[in-house]
Protein chains: 2
Amino acid sequence: MCFCHLTPLAVGTAGTHKETHERSPFFLVPPDRQVMSRASDRAYAAIRAHLLSGQVVAGEQLTEDQLAQITGVSRTPVREAVRRLENELLLVRSDTKRLFVADWSRDDIEELFTLRQMLECHAAERAARRLSREQIAALDSINRDLKAAVDGALPDVGRFLDANRAFHEVIIEAAGSPRLGQLLARLVEAPVVLRTARTYSQDDLRQSARDHDELVAAFAARDPEWARAVMGSHLRRAFHTFARAVGPAGTTDQAPPSDAKDA
Amino acid sequence: MCFCHLTPLAVGTAGTHKETHERSPFFLVPPDRQVMSRASDRAYAAIRAHLLSGQVVAGEQLTEDQLAQITGVSRTPVREAVRRLENELLLVRSDTKRLFVADWSRDDIEELFTLRQMLECHAAERAARRLSREQIAALDSINRDLKAAVDGALPDVGRFLDANRAFHEVIIEAAGSPRLGQLLARLVEAPVVLRTARTYSQDDLRQSARDHDELVAAFAARDPEWARAVMGSHLRRAFHTFARAVGPAGTTDQAPPSDAKDA
DNA sequence: GCGGTGGTTATTGTATACAAAACACGTCCG
DNA sequence: CGGACGTGTTTTGTATACAATAACCACCGC
């Protein structure tokens with residue numbers, strides 16, 4: 001399975017109660033490259049972290065002011081960050097432009113994984129033709145790390161997720177289709193947030209590692225059909241893992257129509 | 001072929017040279033529904049129309065100030081409109097956040113159509129299972145209009161494009177996959193802008209009508225595989241029509257690296 | 001009681017001023 | 001002559017004030 005792509009960047013300054021333009025504590029940034037210099041980027045990361053932290057209930061209403069306070073920047077960059085998160089389907093707007101934490105029904109999740117499977121199988125097929133020898137070696141190395149993370153008595157889920165994300169990113173990168181990458185970015189981020197309290201079974205994690213092994217084999221053999229097939233089963237299993245967590249039938253539904261009062 | 005989805009909404013107030021907060025001329029709006037009440041929507045439509053109008057060269061740099069003047073609103077809503085257009089791949093940003101009119105190489109176009117084919121074939125397949133009798137009738141009716149538009153001595157390309165867009169939208173709607181619709185919206189808008197001066201050959205238009213006829217037949221027969229196959233050839237032909245217009249090899253390339261000076 | 005109606009508050013949308021960054025270009029020093 | 005460097009200019013980014021809209025709620029007439 002594949003609960004990939006956890007938060008790509010940790011948040012820098014969260015929770016400073018905005019005291020009129022306080023200069024953000026960025027002494028000693030890595031001198032070569034000013035990381036996260038834009039307030040909208042910081043806001044994006046902070047809001048995302050906030051959503052992932054589990055302090056937020058799916059379907060809950062958020063206001064831009066709230067988020068501005070949480071992130072410590074003004075509403076202008078918050079609005080920009082919110083737009084990005086809307087695109088990634090982590091936030092949704094009601095018909096009257098009020099903002100809610102996205103809530104995913106089982107059907108929504110299935111739809112998402114179906115689309116993701118379609119696109120990422122395509123990516124795997126293309127990657128099988130185009131991966132350089134070095135990239136294949138890199139995949140193998142990443143997957144060794146992934147296996148190390150899950151082989152111990154108690155698996156290191158965070159490290160697993162990082163390695164998993166890196167693995168899939170190499171494939172998408174190698175597919176050489178920038179628009180495909182953009183589309184997938186949008187689909188991949190959403191399910192991560194879902195049920196953050198969920199604990200991954202070690203069996204799931206190890207099966208994922210085996211899938212990745214087989215993908216590497218398919219790539220090494222330069223067999224696009226094989227790669228596509230493995231990726232397909234890999235992602236389909238991911239769907240069932242998620243679906244198991246959320247329940248059998250249509251459980252929760254989209255946020256905006258429902259009122260946030262009873263959340 | 002399928003050069004669908006022309007500009008969905010005409011612009012309301014374009015070109016008023018922003019004279020410090022002049023109240024927008026919205027006396028006598030349709031009383032039931034305030035259309036385009038948001039400045040950012042007007043800006044979006046205006047910029048889009050501007051791009052489609054052919055007054056703009058692919059690869060050219062744009063500034064937010066410029067666009068604010070063109071649209072008659074301040075930079076804030078312009079920025080929001082620009083974000084939308086970036087998502088639809090009509091505008092791109094350089095690595096230093098400068099804004100350019102997207103420029104599409106032949107390879108870019110092929111990539112785009114490949115992705116679109118993948119997604120829209122899926123939509124057709126699903127639609128074949130889910131279209132109501134009324135929707136199939138609607139498709140037939142739309143396509144009759146489309147044929148009427150192209151059967152005359154000189155075809156009405158605008159009407160053709162409208163009908164074509166409506167046709168594909170019914171299918172996507174019937175596929176019952178909102179995220180799929182969002183993804184496609186993003187892919188479909190981009191190529192429209194390309195080479196707006198292009199004239200469509202009547203043969204192309206008529207072949208398109210025949211494709212649509214066959215799609216309706218596949219839907220009526222409730223044959224998902226047939227629908228998928230027809231949609232596939234329909235879109236692949238569209239690609240070649242576009243590719244023919246832009247030239248054989250890698251002609252133009254992405255904008256941001258190149259300087260706009262020689263444009 | 002019930003549905004509408006007014007005012008009140010909460011929330012989003014827009015304009016504007018200013019800050020930060022990127023760019024263009026001329027200068028200086030090697 | 002060439003490349004680092006500064007400086008003025010352009011362009012994007014952010015904060016803030018205010019406007020417009022939607023939600024809320026209490027009131028009233030029926």
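This structure is a prediction, so every number in the text was calculated from the model and none was measured. In what follows, chains carry the letters A, B, and so on, assigned in the order in which the sequence lines appear, proteins first and then strands, with residues in each chain numbered from 1.
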Could you tell me how far apart [X] ([atom1]) and [N] ([atom2]) are, to the nearest whole angstrom?
X	N	atom1	atom2	answer
Glu60(A)	dT11(C)	CD	C1'	16 Å
Asp95(A)	dA22(D)	CG	C1'	10 Å
Arg83(B)	dG13(C)	CZ	P	15 Å
Arg84(B)	dG13(C)	CZ	P	12 Å
Glu86(A)	dT12(C)	CD	P	11 Å
Leu67(A)	dT11(C)	CG	C1'	12 Å

First locate atom [atom1] of [X], then atom [atom2] of [Y], and finally report the distance between them rounded to the nearest 0.5 Å.
X	Y	atom1	atom2	result
Phe113(A)	Leu187(A)	CZ	CG	10.0 Å
Arg126(A)	Ile171(A)	CZ	CD1	14.0 Å
Ile172(B)	Arg165(B)	CD1	CZ	11.5 Å

ask   = Is the closest side-chain heavy-atom distance between Leu89(B) and Glu189(B) below 4.5 Å?
value =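 No, every pair of side-chain atoms sits at 4.5 Å or beyond.
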key: Any residue meeting salt bridge (charged side-chain N to carboxylate O under 4.0 Å, His left out) with Glu110(B), in chain and number order, not counting sequence neighbours   =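 Glu110(B): salt bridge (charged side-chain N to carboxylate O under 4.0 Å, His left out) contacts with Arg106(B), Arg236(B).
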Arg130(B): salt bridge (charged side-chain N to carboxylate O under 4.0 Å, His left out) partners, not counting sequence neighbours =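 Not a single residue meets the salt bridge (charged side-chain N to carboxylate O under 4.0 Å, His left out) criterion with Arg130(B).
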inquiry  = Is it the case that dT16(D) (base atoms only) and Thr76(A) (side chain only) share a donor and an acceptor within less than 3.5 Å, ignoring hydrogens and angles?
reply    =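 Flag set: donor-acceptor pair detected.
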Can you name the atoms? Protein N/O to nucleotides 6-13 of chain D N/O, anything below 3.5 Å, with the distance.
{"residue": "dT11(D)", "atom": "O4'", "partner": "Arg98(B)", "partner atom": "NH2", "Å": "3.4"}
{"residue": "dT12(D)", "atom": "OP2", "partner": "Glu64(B)", "partner atom": "N", "Å": "3.0"}
{"residue": "dG13(D)", "atom": "OP2", "partner": "Arg79(B)", "partner atom": "NH2", "Å": "2.1"}
{"residue": "dG13(D)", "atom": "O5'", "partner": "Arg79(B)", "partner atom": "NH2", "Å": "3.2"}
{"residue": "dG13(D)", "atom": "N7", "partner": "Arg75(B)", "partner atom": "NH2", "Å": "2.8"}
{"residue": "dG13(D)", "atom": "O6", "partner": "Arg75(B)", "partner atom": "NH1", "Å": "3.0"}

